[in-house]
Novice: 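Can you keep this structure in mind? I'll have questions shortly.
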Amino acid sequence: MIFIKQKIKGVFLIKPKLFKDDRGIFRRHFCHEEFLKNKITSNIKQANISINYKKGTLRGFHYQKKPYEEDKTMSCIKGEIFDIVVDLRKKSKTYMKWIGFKLSDKNKFSIHIPKGCANSFLTIKDNTIVHYYCSQKYNPTYEGGINFRDPKFKFKWPIRPKIVSDKDRTIPF
């Protein structure tokens with residue numbers, strides 16, 4: 001696994017090493033030792049799968065507040081997404097800045113999102129499946145959000161979000 005540091009501290013783009021033969025492809029999706037080598041503690045408490053039927057489906061921006069802040073490692077295992085990470089850590093040099101990534105079943109990349117950052121993704125293809133590990137069990141009492149249209153951030157989505165939950169659409173700016 002190759003961990004590539006990003007401009008937001010603690011965010012990594014993770015490229016897998018692929019092993020191909022006549023049967024197909026094998027790749028390591030998670031390795032405790034590899035994460036520790038990159039100073040990422042891998043205390044996985046929950047793993048989730050998000051199945052999205054339609055292109056243009058948006059999920060987020062979501063994050064967990066203290067004491068339930070969570071690290072996430074996300075991968076698109078079928079289809080394609082555009083994922084945005086926002087730094088919400090007040091003492092960070094990149095506070096309120098964001099970065100975006102394309103993840104797909106073709107590039108096989110993952111992203112690691114540290115505690116204190118919000119995350120959202122938009123599907124670029126129909127029938128997209130996203131898998132992610134979390135360092136905390138979801139606690140709805142400590143959930144926070146950012147509106148995907150908040151003019152303060154000037155998010156640049158590759159396509160217009162079409163399917164958005166009421167909860168995500170009505171998060172105040």
Novice: Can you tell me how far apart CH2 (W98) and SG (C117) are? Round to the nearest 0.5 Å.
Specialist: 14.0 Å
Novice: Determine whether a donor-acceptor pair (N or O, by modelled atom type, separation under 3.5 Å) exists between the side chain of R169 and the backbone of V164.
Specialist: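 At least one qualifying donor-acceptor pair exists.
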Novice: Measure the OH-CD distance between Y133 and Q46 for me, rounded to the nearest 0.5 Å.
Specialist: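 If we round to the nearest 0.5 Å, Y133:OH and Q46:CD are 13.0 Å apart.
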Novice: For the residue pair F101 and Q6, what are the closest heavy atoms and their distance?
Specialist: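 Between these two residues, the closest heavy atoms are CE2-OE1, 3.5 Å.
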Novice: What I want to find out is whether R23 reaches D21 closely enough, with some N-O distance under 4.0 Å, to be called a salt bridge.
Specialist: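 Yes.
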Novice: State, with a plain yes or no, whether a side-chain heavy atom of L103 is found less than 4.5 Å away from one of I111.
Specialist: yes
Novice: What heavy-atom pair brings Q136 and E70 nearest, and what distance separates the two atoms?
Specialist: O-OE1, 3.7 Å
Novice: Linking I/L/V/M/F/W/Y whenever any side-chain heavy atoms sit under 4.5 Å apart, do I99 and I146 land together?
Specialist: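 Hydrophobic grouping puts I99 apart from I146.
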Novice: For residues N119 and Y63, determine if any side-chain heavy atom of one lies less than 4.5 Å from a side-chain heavy atom of the other.
Specialist: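 Counting from C-beta outward, N119 and Y63 never come under 4.5 Å.
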Novice: Compare all side-chain heavy atoms of F109 with those of C76 and state whether any distance is below 4.5 angstrom.
Specialist: no
Novice: Where is the tightest heavy-atom contact between T94 and K7, given as atom of each residue plus distance?
Specialist: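 Heavy atoms only, the tightest pair is CG2-O, 3.4 Å.
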Novice: May I ask you to decide whether E143 forms a salt bridge with K167, counting only side-chain N to carboxylate O separations under 4.0 Å?
Specialist: yes
Novice: Find out whether M1 and C31 are in side-chain contact, i.e. whether some heavy atom of one side chain is under 4.5 Å from a heavy atom of the other.
Specialist: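 Yes, close enough: below the 4.5 Å cut-off.
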Novice: Which is it for F35 and I14 under the side-chain contact (heavy atoms from CB on, under 4.5 Å) test, yes or no, and what are the steps along the way?
Specialist: CA-CA 10 Å; F35 274 62; I14 304 167; 4.0 Å; yes
Novice: Can you tell if the side chain of V130 reaches within under 4.5 Å of the side chain of I81, non-hydrogen atoms only?
Specialist: yes
Novice: Do D87 and K97 sit within salt-bridge range, that is, some charged N less than 4.0 Å from a carboxylate O?
Specialist: no
Novice: Between L58 and W157, does the side-chain contact (heavy atoms from CB on, under 4.5 Å) criterion hold? Intermediate values first, please.
Specialist: CA-CA 10 Å; L58 183 123; W157 299 102; 3.7 Å; yes
Novice: Between F153 and F148, is the gap from one ring center to the other below 6.0 Å?
Specialist: no
Novice: Could you tell me whether a side-chain N or O of K108 sits under 3.5 Å from a main-chain N or O of D105, the two making a donor and an acceptor?
Specialist: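 A pair under 3.5 Å: yes.
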Novice: Considering all heavy atoms of both residues, which atom of P114 and which atom of G10 are nearest to each other, and what is their separation?
Specialist: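 For P114 and G10, the tightest heavy-atom pair comes out as CD-O, 3.5 Å.
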Novice: Can you list the residues that meet the side chain to side chain contact (heavy atoms under 4.5 Å, CB included) rule with I51, with sequence neighbours excluded?
Specialist: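 I51 satisfies side chain to side chain contact (heavy atoms under 4.5 Å, CB included) with I49, Y53, I129 once adjacent residues are dropped.
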Novice: Working to the nearest 0.5 Å, report the span between CD1 of I113 and OG1 of T73.
Specialist: 7.5 Å
Novice: V11 and L122: same hydrophobic cluster, using ILVMFWY side-chain contacts below 4.5 Å?
Specialist: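 V11 does not cluster with L122.
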Novice: Step by step, would you call H29 with S75 a side-chain hydrogen bond (donor to acceptor under 3.5 Å, both in side chains)?
Specialist: CA-CA 9 Å; H29 192 248; S75 303; 2.7 Å; yes
Novice: So do the side chains of V86 and F61 get within less than 4.5 Å of each other, counting heavy atoms only?
Specialist: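 SC-SC contact between V86 and F61 confirmed.
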Novice: For N38 and H112, test the side chains for any donor-to-acceptor distance below 3.5 angstrom and give the result as yes or no.
Specialist: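 Their side chains do not contain a donor-acceptor pair, so the 3.5 Å distance test is not met.
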Novice: Run N52 and N127 through side-chain hydrogen bond (donor to acceptor under 3.5 Å, both in side chains) and show every step you take.
Specialist: CA-CA 5 Å; N52 305 276; N127 298 309; over 6 Å; no
Novice: Which value, rounded to the nearest 0.5 Å, describes the distance between K106 atom NZ and K78 atom NZ?
Specialist: 11.5 Å
Novice: Give a yes-or-no answer on whether the side chains of S135 and N43 include a donor-acceptor pair shorter than 3.5 Å.
Specialist: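 Judged by distance alone, the side chains do not pair up.
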Novice: Using the rule that two of Ile, Leu, Val, Met, Phe, Trp, Tyr join whenever any of their side-chain heavy atoms come within less than 4.5 Å, decide whether Y132 and L13 are in one cluster.
Specialist: yes
Novice: With a 4.5 Å cut-off on side-chain heavy-atom distances among I, L, V, M, F, W and Y, is there a chain of contacts connecting I8 to F82?
Specialist: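 I8 does not cluster with F82.
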Novice: Calculate, to the nearest 0.5 Å, the distance between atoms CZ and CG belonging to R149 and D168 respectively.
Specialist: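 Taking CZ in R149 and CG in D168, the distance rounds to 10.5 Å.
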Novice: Roughly how far, to the nearest 0.5 Å, is the CD1 atom of I163 from the OG1 atom of T123?
Specialist: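 Here the interatomic distance stands at 7.0 Å.
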Novice: Does either side chain, that of N48 or that of S50, offer a donor lying less than 3.5 Å from an acceptor on the other one?
Specialist: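 No - no donor-acceptor pair under 3.5 Å links their side chains.
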Novice: Before giving the answer on salt bridge (Lys or Arg N to Asp or Glu O under 4.0 Å), spell out for K115 and D71 the whole-Å C-alpha distance, their side-chain angles and the decisive distance to 0.1 Å.
Specialist: CA-CA 5 Å; K115 292 174 178 75; D71 295 308; 3.0 Å; yes
Novice: Grab the two heavy atoms, one from F30 and one from H32, that are nearest each other, plus how far apart they are.
Specialist: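 Of all heavy-atom pairs spanning F30 and H32, the closest is CE2-N, 3.6 Å.
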Novice: What pair of heavy atoms forms the shortest contact from K55 to K162, and how long is it?
Specialist: O-CD, 4.4 Å
Novice: Is the ring pair F3/F12 parallel, tilted or perpendicular, if the boundaries are 30 and 60 degrees?
Specialist: perpendicular
Novice: Any non-hydrogen side-chain atom of Y68 less than 4.5 Å from a side-chain atom of Y138?
Specialist: no
Novice: Quick check against the 3.5 Å criterion: does N107 have a side-chain atom that pairs as donor or acceptor with the backbone of S104?
Specialist: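 Pair found, side chain donor or acceptor close to backbone of S104.
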Novice: Of all residues at least two apart in sequence or in a different chain, which pass the salt bridge (charged side-chain N to carboxylate O under 4.0 Å, His left out) check with K102?
Specialist: E80
Novice: Could you see if M74 belongs to whatever hydrophobic cluster contains V85? Use Ile, Leu, Val, Met, Phe, Trp, Tyr and a side-chain cutoff under 4.5 Å.
Specialist: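 M74 and V85: one cluster.
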Novice: Do F155 and I84 come within less than 4.5 Å of each other through their side chains, counting heavy atoms only?
Specialist: yes
